[in-house]
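Note that these values count all heavy atoms, side chains included, but never hydrogens, waters or copies made by symmetry.
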Amino acid sequence: MRAQNAPGKIHGSPSEGVRNVSQEMYVRAVRQLAEHYHKSPALITEEELRQYCLYLKNVKHYSRRASTIALCGIKFFYEHTLRRAWTTLTFVRPPREKKLPVLLSITEFRTLLAHLKLPRYRVCLTTIYSCGLRLQEGTHLQVTDVDAALMRIHVRHGKGAKDRYVPLPQRTLPLLRSYWLTHRNPVWIFPASGRAGTGMSTATQPMPRSSVQDAFRAALKASGIPKRASVHTLRHSWATHLLEAGVNLRLIQESLGHSSPSPTSVYTHLTVKAQEMAAASINRLMEDLSW
């Protein structure tokens, strides 16, 4: 008797499954277009197609992902099946969703740190938060990047292949020193470890980003913090906490490595103190009004 679904028997590759799902979604998008106008999609005019795109956005309130799938399916049908090159399909694009980032309070960050089991993850994530680093910038930190004399960190090859300097907090420096003394790798602050945490002193590669992400997710779950946070959340939280403490927005921009003030200005919407100041100002203005 042959066993069903025996190990080693693979019926169809994962790529075929993804391709089949895409085809079904494309067919569904064209079918929904035809059902909307109650006629064959071959008889639909370009103006009707433009109105349908507005209908998906303004009436159905499709998400960016759902809109992209629908437009790609319709575009594929008209360009490859009907051989029509319509201007509407060339220029229409679903708008990018502008969402405010998730933040952790200082108390929540301390709680998360308490649930990190291994020192390498605790020190790495503390450094990422206290210096406003991206995940890769933190894991790729080298011994020569830490300037104890000037109390700053040299971030090499950041986003856009740009270098920058960030302030090194006084309490972060001894953490980095004490952790480095546990392995004394000549290059990396956070070297990759072998099994059972061995081989760090001779490692030629930094700690994998995925292992830090896994440790963060495990600590977040164990802490019971009900937020969809990630390692990058620490960078957002750092910038917001500094802004609440009165640090100039321009200085925060430089430390984050933003070439434009626009990405940094989002943190003004996240600070409780800024909202309270705005509310207080509005209340003062309202007091001068006579009803």
Side-chain angles (χ1 to χ4, degrees), residues 104 106 109-110 112-194 197-216 219 229-243 245 247-259 263-264 267:
L104 293 179
I106 295 176
F109 177 59
R110 288 173 179 161
L112 186 138
L113 286 180
H115 286 84
L116 288 165
K117 298 179 180 179
L118 298 178
R120 61 174 173 267
Y121 298 131
R122 195 178 306 118
V123 177
C124 183
L125 289 171
T126 299
T127 304
I128 286 174
Y129 167 76
S130 64
C131 298
L133 303 179
R134 299 179 178 91
L135 174 55
Q136 181 165 309
E137 293 170 351
T139 57
H140 283 63
L141 198 61
Q142 297 186 23
V143 176
T144 54
D145 295 336
V146 180
D147 190 337
L150 297 178
M151 293 301 292
R152 66 184 186 182
I153 286 178
H154 186 183
V155 179
R156 302 177 188 275
H157 308 295
K159 191 174 182 180
K162 293 183 294 185
D163 287 13
R164 71 181 189 279
Y165 288 104
V166 298
L168 174 61
Q170 292 181 351
R171 298 191 64 177
T172 304
L173 179 59
L175 280 177
L176 292 173
R177 278 177 171 165
S178 60
Y179 176 70
W180 180 82
L181 288 173
T182 64
H183 58 75
R184 295 179 182 272
N185 187 287
V187 178
W188 304 106
I189 297 289
F190 302 107
S193 62
T198 60
M200 290 194 293
S201 61
T202 57
T204 58
Q205 296 294 324
M207 182 166 56
R209 289 176 296 172
S210 58
S211 65
V212 182
Q213 291 170 327
D214 291 342
F216 181 93
S230 66
V231 176
H232 202 70
T233 299
L234 301 182
R235 181 172 154 91
H236 294 312
S237 303
W238 171 85
T240 304
H241 296 162
L242 285 186
L243 195 59
V247 177
N248 185 276
L249 192 65
R250 174 63 180 170
L251 296 176
I252 298 174
Q253 175 191 335
E254 291 179 356
S255 294
L256 288 171
H258 290 165
S259 56
T264 317
Y267 301 115

Spatial distance of atom SG (C124) from atom CG (L116) [nearest 0.5 Å]: 10.0 Å
Qualifying residues under side-chain contact (heavy atoms from CB on, under 4.5 Å), relative to R184, sequence neighbours excluded: W180, L181
Nearest-0.5 Å distance, OG of residue S193 to NE2 of residue H183: 10.0 Å
R152 side chain vs P167 backbone, donor-acceptor pair below 3.5 Å: no
Side chain proximity check, I106 to Y129, heavy atoms < 4.5 angstrom: yes
CZ-CG distance between F109 and L125, expressed to the nearest 0.5 angstrom: 6.5 Å
Distance, nearest 0.5 Å, that separates OH of Y165 from CZ of R156: 7.0 Å
Validation row: T127, L176 side chains within 4.5 angstrom (heavy atoms): yes
Flag side-chain contact, heavy atom, 4.5 Å: D163 against H154: yes
Over all atoms of both residues, closest heavy-atom pair of N185 and M200: ND2-O, 2.8 Å
Student check: side-chain heavy atoms of D145 and E137 closer than 4.5 Å: no
Minimum-distance pair of heavy atoms, taken over all atoms of M207 and T139: O-CB, 3.6 Å
Interatomic distance, Y179 atom OH to R120 atom CZ [nearest 0.5 angstrom]: 6.0 Å
Distance-minimising heavy-atom pair for S130 and P169: O-CG, 3.4 Å
Note, W188 side chain near H140 side chain (heavy atom, < 4.5 Å): yes
Side-chain heavy-atom pair P186, V143 within 4.5 angstrom cut-off: no
L168 side chain reached by D147 side chain, heavy atoms, under 4.5 Å: no
Salt bridge (Lys or Arg N to Asp or Glu O under 4.0 Å) against R209, all qualifying residues, sequence neighbours excluded: none
Contact summary for G138 and I128, nearest pair of heavy atoms: CA-CG1, 4.0 Å
Shortest non-hydrogen contact between R122 and K117, atoms and distance: NH2-O, 3.5 Å
Listed once per pair and sorted, the salt bridge (Lys or Arg N to Asp or Glu O under 4.0 Å) pairs that draw on residues 165-180, sequence neighbours left out: none
Y121/F216 aromatic ring centres below 6.0 Å: no
Rounded distance [0.5 Å steps], NE2 in H232 versus CG in L133: 11.0 Å
Smallest separation among heavy atoms of L104 and S237, with atom names: N-OG, 2.9 Å
